[in-house]
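These notes are about the structure you will find just below.
When a ligand or atom number is given, it counts from 1 through the structure's own listing order. Because the structure is predicted, anything quoted here is derived from the model rather than measured.
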Amino acid sequence: MGAEALAGKVVVVTGGSRGIGFAIASLLAEDGAAVVVSGRDAARLVRASEEIEALGGTAVGVVADVVSRQDADRLVDTARERFGRIDILVNNAGITRDGLLVRMKDADWDEVIGVNLRGAFLMMRAVSKTMVRQRSGRIINIASTAGAMGNAGQVNYSAAKAGLIGMTKAAARELAHWGILVNAVAPGLIETDMTAAMSAEAREALLAQVPLRRIGTSRDVAEMVRFLAGEGAAYVTGQVFHVNGGLYM
Ligand code: NDP
């Protein structure tokens with residue numbers, strides 16, 4: 001792909017301040033897009049946007065919690081006011097609150113569904129108004145292997161990610177009329193703060209099931225998003241792309 005494949009495009013990446021979201025924002029900025037990254041921690045957002053700008057990109061950080069409708073709307077408004085349009089939304093913000101079903105607290109269920117599923121819904125609804133007017137757009141939802149195969153200790157997270165996959169397909173059908181493509185990327189085991197929090201045993205047990213025998217990088221996931229954001233993916237919508245080293249086939 002050419003260095004400026006996304007020149008003139010505007011991207012919003014929720015949870016773009018670290019981990020997979022930051023890798024996505026950096027790569028799309030490298031391709032020439034202006035990126036708006038969101039998260040709850042202001043200092044981390046400043047660092048992330050400064051890092052992207054230091055590499056020659058254009059980046060703006062916006063403090064916004066995806067579970068808040070006001071914040072989601074403000075994030076979209078800020079991107080539009082600043083850059084005039086929104087071409088690509090990456091719903092990446094996500095959390096885990098793991099625990100066995102029998103012991104799971106109501107709050108663990110509500111928070112995980114809130115951030116991973118309701119957050120993506122709020123952002124998709126807010127951004128699609130702009131994309132419908134433009135008659136073009138790309139929405140890329142970061143799901144998870146857990147949403148396709150389930151993961152013990154993650155009924156909340158697996159449900160949220162499976163829900164995100166269903167929402168991706170329904171929105172793809174609704175929005176195709178306006179030239180808006182909606183896809184999901186489902187990462188497997190990826191090295192970030194989220195997986196650093198796992199126990200060594202749980203990590204090793206999962207890694208033993210990965211045919212490629214290594215943990216994935218944020219860059220591995222970002223490369224798939226880069227493809228889906230680009231011209232080459234013009235005939236692709238309503239699909240789930242697994243980036244997992246073969247963990248789930
Ligand atoms: P990290 O925990 O490393 O980063 C999460 C990002 O989301 C941070 O930028 C965080 O910023 C932001 N975030 C969290 N909650 C909110 C919120 N309520 N509103 C706005 N931003 C929020 O996670 P990963 O990079 O590992 O994960 C990114 C995505 O990939 C998630 O959707 C995750 O479920 C998915 N995924 C990850 C896998 C992995 O192995 N790492 C595997 C499969 C899927 P802040 O804390 O400042 O708000």
Side-chain angles (χ1 to χ4, degrees), residues 12-27 35-49 51-52 59 61-76 89-98 110-123 126 140-151 154 156-165 167-168 184-198 202-203 206-207 209-210 214-222 224-225 240-245 247-248:
V12 175
V13 183
T14 66
S17 56
R18 57 194 162 96
I20 294 170
F22 178 68
I24 292 168
S26 306
L27 204 57
V35 299
V36 179
V37 287
S38 76
R40 294 158 305 171
D41 183 324
R44 242 195 311 250
L45 279 169
V46 169
R47 275 204 303 279
S49 35
E51 243 179 87
I52 294 171
V62 178
V63 178
D65 188 332
V66 289
V67 300
S68 150
R69 179 163 54 81
Q70 286 82 357
D71 281 16
D73 290 345
R74 182 171 47 77
L75 173 57
V76 167
L89 165 67
V90 184
N91 276 316
N92 165 82
I95 57 163
T96 51
R97 296 281 183 274
D98 298 350
D110 291 342
E111 280 175 39
V112 167
I113 299 292
V115 175
N116 296 278
L117 190 55
R118 176 186 152 90
F121 157 68
L122 291 175
M123 287 302 298
I140 301 159
N141 294 323
I142 307 301
S144 168
T145 310
M149 66 187 279
N151 200 16
Q154 291 193 318
N156 49 0
Y157 185 73
S158 303
K161 295 301 193 181
L164 187 57
I165 289 170
M167 192 161 72
T168 299
V185 173
L189 184 62
I190 308 295
E191 185 86 73
T192 66
D193 293 347
M194 187 182 269
T195 41
M198 289 170 75
R203 223 172 119 103
L206 210 51
L207 198 52
Q209 297 172 54
V210 177
R214 71 165 173 88
I215 191 162
T217 64
S218 293
R219 174 77 183 231
D220 289 327
V221 180
M224 182 60 82
V225 174
V240 183
F241 294 86
H242 295 274
V243 181
N244 63 22
L247 172 63
Y248 170 77

*Could you check if a side-chain atom of Asp41 sits within less than 4.5 angstrom of a side-chain atom of Arg18, using non-hydrogen atoms only?*
no

_Sole candidate of Leu164, Val243, Asn116, Val90 that passes side-chain contact (heavy atoms from CB on, under 4.5 Å) when paired with Ile142_ = Val90

*Checking Asn244 side chain against Gly188 main chain: does a donor-acceptor pair fall under 3.5 Å?*
no

*Looking only at distances, please establish whether an N/O atom of ligand 1 is found under 3.5 Å from an N/O atom of Ile20.*
yes

*Which part of Thr14 is near ligand 1, with near meaning a heavy atom under 4.0 Å away: side chain, backbone, both or neither?*
neither

*Rounded distance [0.5 Å steps], CG in Asn156 versus CD in Glu111*: 9.5 Å

_Closest approach of any protein heavy atom to atom 7 (O) of ligand 1, naming residue and atom_ = Gly15 CA, 3.4 Å

*Using a strict cut-off of 4.0 Å, indicate which atoms of ligand 1 neighbour a heavy atom of Ile95.*
14 (C), 15 (N)

*asked:* I'd like to know if the side chain of Arg40 and the backbone of Asp65 have a donor-acceptor N/O pair within less than 3.5 Å.
replied: no

*At what distance is the nearest protein heavy atom to atom 43 (C) of ligand 1, and which residue and atom is it?*
Pro187 O, 3.2 Å

*Under 4.0 Å between a Lys/Arg side-chain N and an Asp/Glu carboxylate O for Arg219 and Glu191?*
no

*Considering the heavy atoms of Gly39, write down every atom of ligand 1 situated less than 4.0 Å from one of them.*
20 (C), 21 (N), 48 (O)

*Option set Gly188, Ser144, Gly16, criterion heavy-atom distance to atom 38 (C) of ligand 1, minimum*: Gly188

*Per-atom contacts, ligand 1 versus Ala64 - under 4.0 Å to a heavy atom*: 19 (N), 20 (C)

*Considering only heavy atoms of Asp193, which atoms of ligand 1 have at least one such atom less than 4.0 Å away?*
3 (O)

*Run the contact test for Ala146 against ligand 1 with a 4.0 Å cut-off on heavy atoms, strictly below, and give the result.*
no

*Check Val76, Asn141, Asp73 against Met123 for a side-chain contact (heavy atoms from CB on, under 4.5 Å) and give me the one that passes.*
Val76

*List the closest protein heavy-atom neighbour of atom 48 (O) of ligand 1: residue, atom name, distance to the nearest 0.1 Å.*
Arg40 NE, 2.6 Å

_atom 1 (P) of ligand 1: nearest protein contact (heavy atom, Å)_ = Arg18 NH1, 3.7 Å

*Among protein heavy atoms, which sits nearest to atom 40 (O) of ligand 1, and what does the distance come to when rounded to 0.1 Å?*
Ile190 N, 2.8 Å

*Who gets closest to atom 5 (C) of ligand 1 by heavy atom: Ala143, Gly94, Gly216?*
Gly94

*Heavy-atom contacts with Thr195 under 4.0 Å: which atoms of ligand 1 show up? List them by number with element.*
39 (C), 40 (O), 41 (N)

*Of all the atoms in ligand 1, which lie at a distance below 4.0 Å from a heavy atom belonging to Asp65?*
17 (C), 18 (N), 19 (N)

*asked:* To check your reading of the model: name the closest protein heavy atom to atom 31 (C) of ligand 1, its residue, and the distance in Å.
replied: Asn92 O, 3.1 Å

*Atoms of ligand 1 close to Asp41 [distance to a heavy atom under 4.0 angstrom, numbered from 1]*: 47 (O)

_Treating Asn151 as the side-chain partner and Gln154 as the backbone partner, does any N or O pair qualify as donor plus acceptor under 3.5 Å?_
no

*Near Ile142, which atoms of ligand 1 are under 4.0 Å from a heavy atom of that residue?*
29 (C), 30 (O), 32 (O), 35 (C)

*Give the residue and atom name of whichever protein heavy atom lies nearest to atom 41 (N) of ligand 1, and the separation in Å to one decimal.*
Thr192 OG1, 3.1 Å

*Could you check atom 22 (C) of ligand 1 against the protein and tell me its nearest heavy-atom contact, residue, atom and distance included?*
Ala93 CB, 3.7 Å

*Atom CG of Leu122 and atom CG of Leu75: how far apart are they, to the nearest 0.5 Å?*
11.0 Å

*asked:* Donor-acceptor check, side chain of Arg74 to backbone of Val63, threshold 3.5 angstrom: yes or no?
replied: yes

*State, yes or no, whether a side-chain contact exists between Asn91 and Phe121 at a heavy-atom distance under 4.5 Å.*
no

_Looking at Thr14 and Ala93, would you say the former's side chain and the latter's main chain have a donor-acceptor pair under 3.5 Å?_
yes

*asked:* Does only the side chain of Tyr157 get under 4.0 Å from ligand 1, or the backbone, or both, or neither? Count heavy atoms.
replied: side chain

_Can you give me the closest heavy-atom contact between Thr145 and Ala186, atom names plus distance?_
N-CB, 4.1 Å

*asked:* Using a 3.5 Å distance criterion without hydrogens, assess whether the side chain of Thr192 forms a donor-acceptor pair with backbone atoms of Met194.
replied: yes

*Is the side chain of Ser49 donor-acceptor paired with the backbone N or O of Ala59 at a distance under 3.5 Å, no angle test?*
no

*Quick one: does Val67 get an N or O within less than 3.5 Å of an N or O on ligand 1?*
no

_Contact check, Glu191 vs ligand 1, heavy-atom distance below 4.0 Å_ = no

*asked:* I'd like to check whether Ser38 has a polar contact with ligand 1, where a contact means an N/O of the residue lying under 3.5 Å from an N/O of the ligand.
replied: no

